[in-house]
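Just so you know, residue 1 is the first one in the sequence shown, and it goes up from there. Source: prediction; values computed, not measured.
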Amino acid sequence: MLTCVIRYHIDPTKKAQFEQYARNWGQAIPRCGADLIGYYAPHEGSSTLAYGIYNLESLADYEAYRARLAADPLGRENYEFAMKEKFLLREDRTFLKLASAPHGPGATQ
């Protein structure tokens with residue numbers, strides 16, 4: 001299992017646009033095959049950092065998911081919305097694997 005963490009630098013004056021973008025991904029991402037953990041907008045502290053986090057089984061699954069997302073009507077619309085509104089200043093993707101499992105007292109692998 002891989003977790004994709006997308007770190008966004010957003011225009012702090014366009015937080016509402018980012019939140020709409022996040023709600024749209026909340027519909028499109030699961031439909032296209034990724035396990036969406038969530039999108040997170042700034043609340044306290046930094047006014048420019050936001051995150052999107054989802055799980056996939058492998059990088060091969062990621063490639064197939066990206067193709068489905070690019071073909072999805074809401075996915076395409078959301079990409080166009082971001083380009084038109086210009087609220088995303090930077091976007092960085094990192095793929096992580098869980099290293100702390102199993103969790104809790106007495107947990108074994």
Side chains of residues 68-75: which donor-acceptor partners sit under 3.5 Å, not counting sequence neighbours?
residue: Arg68; atom: NE; partner: Cys32; partner atom: O; Å: 2.6
residue: Arg68; atom: NH2; partner: Cys32; partner atom: O; Å: 2.9
residue: Asp72; atom: OD1; partner: Arg31; partner atom: NE; Å: 2.9
residue: Asp72; atom: OD1; partner: Arg31; partner atom: NH2; Å: 3.2
residue: Asp72; atom: OD2; partner: Arg31; partner atom: NH2; Å: 2.9
residue: Asp72; atom: OD2; partner: Leu74; partner atom: N; Å: 3.1
residue: Asp72; atom: OD2; partner: Gly75; partner atom: N; Å: 2.9

So how far is it from Lys97 NZ to Ser58 OG, rounded to the nearest 0.5 Å?
-> 13.5 Å
Taking side-chain hydrogen bond (donor to acceptor under 3.5 Å, both in side chains) as the test, write out the residues that go with Tyr39, two or more places apart.
-> Tyr8
Heavy atoms only: give me the nearest Gly26-Leu36 pair and the separation to one decimal.
-> CA-CD2, 3.6 Å
Sequence neighbours excluded, the answer for side-chain hydrogen bond (donor to acceptor under 3.5 Å, both in side chains) partners of Gln20 is Arg23, Asn24
Any link between Ile6 and Leu59 through a network of hydrophobic side chains (Ile, Leu, Val, Met, Phe, Trp, Tyr) touching at under 4.5 Å?
-> yes
Looking only at heavy atoms, which two atoms of Lys14 and Glu85 are closest? And how far apart?
-> NZ-O, 2.7 Å
If you measure from CD on Glu91 to NE2 on His9, what distance do you get to the nearest 0.5 Å?
-> 10.5 Å
Nearest 0.5 Å, what's the CG-CZ distance between Leu2 and Phe95?
-> 7.5 Å
Asp35 side, atom CG; Asp61 side, atom CG - distance, nearest 0.5 Å | 12.0 Å
So, do Leu56 and Arg66 sit near enough that their side-chain heavy atoms are less than 4.5 Å apart?
-> no
Value rounded to 0.5 Å, distance of CE in Met1 from CD in Glu57 = 4.0 Å
Side chains of Asn55 and Ile37: does their closest heavy-atom pair fall under 4.5 Å?
-> yes
Tyr65-Ile53 co-clustered via ILVMFWY side chain contacts under 4.5 Å | no
Side chains of residues 40-51: which donor-acceptor partners sit under 3.5 Å, not counting sequence neighbours?
residue: Ser46; atom: OG; partner: Thr48; partner atom: N; Å: 3.1
residue: Ser46; atom: OG; partner: Thr48; partner atom: OG1; Å: 3.3
residue: Ser46; atom: OG; partner: Leu49; partner atom: N; Å: 3.2

So, for Leu88 and Phe18, which heavy atoms are closest and what is the spacing to 0.1 Å?
-> CD2-CD1, 4.0 Å
Mind checking the CD-NZ spacing from Gln17 to Lys15? Nearest 0.5 Å is all I need.
-> 12.0 Å
Sequence-distant partners of Thr13, side chain to side chain contact (heavy atoms under 4.5 Å, CB included), two or more places apart | Asp11
Name all residues meeting the ring-ring contact (aromatic ring centres under 6.0 Å, His included) criterion together with Phe87; count only those two or more places apart in sequence or in a different chain, and write none if there are none.
-> Tyr21, Phe81
